[in-house]
Amino acid sequence: MYPKPEDGPATGFPMSGGTGVGVGGGGGPGAYYQAAPATAAFAMQAQAPLAAWSTGLCDCFDDCGNCCITCLCPCITFGQVAEIIDRGSTSCGASGALYALIMLLTGCQCVYSCFYRAKMRAHYGLQESPCADCCIHWCCEPCALCQEYRELKKRGFDMNLGWHANMERQGRTPATMPPLMHPGMTR
């Protein structure tokens, strides 16, 4: 038996063989499990509004030193940004070298760097503005890298130190380290 249309649309994966019981009643082969409609509505309401970037895309001269470095050798700025976004799982040098290799071989380094912009936006809840990430990196790669650099800097990171030194400076253990375990059971 299949869920009834008045129970709402069936969502989820079909159950192949065996007996499955869907939320809308019914079960058996081919039954679909249905999510409760209230759950989806609650999830949509729980999303916080996205924050604006702390600086604009064209505010490159707010940090003239980084602007010059990014124009001359964007792999350095990209490496610094990528290390912080990856929380130290990749080093600045490795990310920058891969960026330079992609740039030299294909000229499409913007495809690689736009993934990091999307990752950064998701982590900090930033708006996708003024347009899509891929368009920003395709049209103005240096400006995008400078904006990402400035955003991380405004969030308290010393970009010259890297992830691990920033965590030590802030008195936190890096996220890549396993948690400390206490010997024995305690109450």
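Shown here for Gln80 and Cys92, the closest heavy-atom pair between the two residues is N-SG, 3.6 Å. Taking each heavy atom of Gly56 and Arg150 in turn, the nearest pair found is O-NH2, 2.6 Å. Here the shortest heavy-atom pairing between Ala82 and Tyr116 reads CB-CE2, 3.7 Å. Across Ser95 and Gly79, no two heavy atoms sit closer than the pair CB-CA, 4.0 Å. Here the closest non-hydrogen pair linking Thr55 and Gln147 is O-NE2, 3.0 Å. Smallest separation of non-hydrogen atoms from Ile136 and Cys131: CD1-O, 3.3 Å.
Looking only at side-chain heavy atoms (C-beta outward), Leu104 and Gln109 stay at 4.5 Å or farther from each other. Here the side chains of Asp86 and Lys119 are in contact, with some heavy-atom distance below 4.5 Å. Contact of the Leu145 side chain with the Tyr99 side chain is registered, since non-hydrogen atoms from C-beta on lie closer than 4.5 Å. Annotation: side chain of Leu152 is in contact with side chain of Met120 (closest heavy-atom distance under 4.5 Å). Residues Ile84 and Met159 meet the side-chain proximity criterion, which asks for heavy atoms closer than 4.5 Å. Put simply, the side chain of Met167 reaches to within 4.5 Å of the side chain of Phe157, judged on heavy atoms.
With hydrogens and angles disregarded, no donor-acceptor distance shorter than 3.5 Å links the side chain of Thr77 to the backbone of Pro74. For the pair Trp163 (side chain) and Glu83 (backbone), a donor-acceptor distance under 3.5 Å is absent.
The local environment of CH2 in Trp53 is crowded, with over 12 non-hydrogen atoms from other residues, nucleotides or ligands closer than 6.0 Å.
The side-chain contact (heavy atoms from CB on, under 4.5 Å) test applied to Pro142 returns Thr70, not counting sequence neighbours. Applying the salt bridge (charged side-chain N to carboxylate O under 4.0 Å, His left out) criterion to Asp133, with sequence neighbours excluded, gives Arg117, Arg121.
Leu57 and Phe78 are assigned to two separate hydrophobic clusters, defined by single-linkage of ILVMFWY side chains at heavy-atom distances under 4.5 Å. Note on Tyr112 and Ile76: separate hydrophobic clusters, where clusters join Ile, Leu, Val, Met, Phe, Trp and Tyr whose side-chain heavy atoms are under 4.5 Å apart, directly or indirectly.
Rounding to the nearest 0.5 angstrom, the gap separating the NE2 atom in His137 from the SG atom in Cys143 is 10.5 Å. Between the OH atom of Tyr124 and the CD atom of Glu148 there is a distance of 12.0 Å, given to the nearest 0.5 Å. Atoms CD1 and SG, on Ile69 and Cys64 in that order, are 11.5 Å from each other to the nearest 0.5 Å. Between the CD atom in Glu141 and the SG atom in Cys146 there is a gap of 10.0 Å [rounded to 0.5 Å].
Val111 belongs to a hydrophobic cluster whose other members, connected by ILVMFWY side-chain contacts under 4.5 Å either directly or through intermediates, are Phe115.
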